[in-house]
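See below for the structure under consideration.
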Amino acid sequence: IKQMSYHSEDDTYSCDICGFRSKWNRSDDIHGELWGCEKCGDTFCTSCFIDRHGQKDYMSMMQRSDYILCPECWEKERKNEN
């Protein structure tokens with residue numbers, strides 16, 4: 001598992017997909033929140049997940065999944081289920 005994309009100079013993290021930077025537990029109207037994948041350790045924003053898999057999958061992961069997964073790990077999990 002890799003280190004989260006943390007920037008000590010301004011206490012922010014960045015999305016490994018689009019580069020959006022924000023403080024942890026903050027939300028933004030465009031990118032949403034930053035999340036850490038519990039499988040691979042990648043940091044991703046709500047927007048990058050929804051852009052790839054849609055709002056329905058995002059809500060499904062947040063409400064019914066045992067893990068928070070980045071878009072890539074979510075895709076692998078879905079393939080394994082089918």
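Numbering starts at 1 and runs along the sequence shown.
- For the atom pair S47 OG and D28 CG, the distance stands at 9.0 Å (nearest 0.5 Å).
- Across all non-hydrogen atoms, the minimal contact from I50 to Q55 is CD1-OE1, 3.1 Å.
- Between P71 and H53 the shortest heavy-atom distance is O-NE2, 2.9 Å.
- Taking NE2 from H31 and SG from C15, the interatomic distance works out to 8.5 Å, rounded to the nearest 0.5 Å.
- Counted within 6.0 Å of NZ on K79, heavy atoms from surrounding residues, nucleotides or ligands total 12 or fewer; the atom is thus considered open.
- When all heavy atoms of F20 and G32 are compared, the pair lying nearest together is CE2-O, 4.4 Å.
- E81 pairs by the side-chain hydrogen bond (donor to acceptor under 3.5 Å, both in side chains) definition with nothing, not counting sequence neighbours.
- T12 is not listed as a side-chain neighbour of S22, based on a closest heavy-atom distance of 4.5 Å or more.
- Not a single side-chain hydrogen bond (donor to acceptor under 3.5 Å, both in side chains) links E33 to another residue, sequence neighbours left out.
- Ring geometry, W74 versus F49: the interplanar angle exceeds 60°, so the pair is classed perpendicular (tilted spans 30 to 60°).
- Between M62 atom CE and L69 atom CG the span is 9.5 Å, to the nearest 0.5 Å.
- Of all non-hydrogen atoms in E38 and D66, the two that sit nearest each other are OE1-O, 4.4 Å.
- Contact between I68 and W35 at its shortest, heavy atoms only, is CG2-CB, 3.9 Å.
- S65 contributes atom OG, which lies 7.5 Å from atom CD of E77 (distance to the nearest 0.5 angstrom).
- Here the shortest heavy-atom pairing between S5 and T43 reads N-OG1, 3.7 Å.
- C70 SG to R52 CZ: the interatomic distance, rounded to the nearest 0.5 Å, is 7.5 Å.
- Taking CD1 from I30 and OG1 from T46, the interatomic distance works out to 13.0 Å, rounded to the nearest 0.5 Å.
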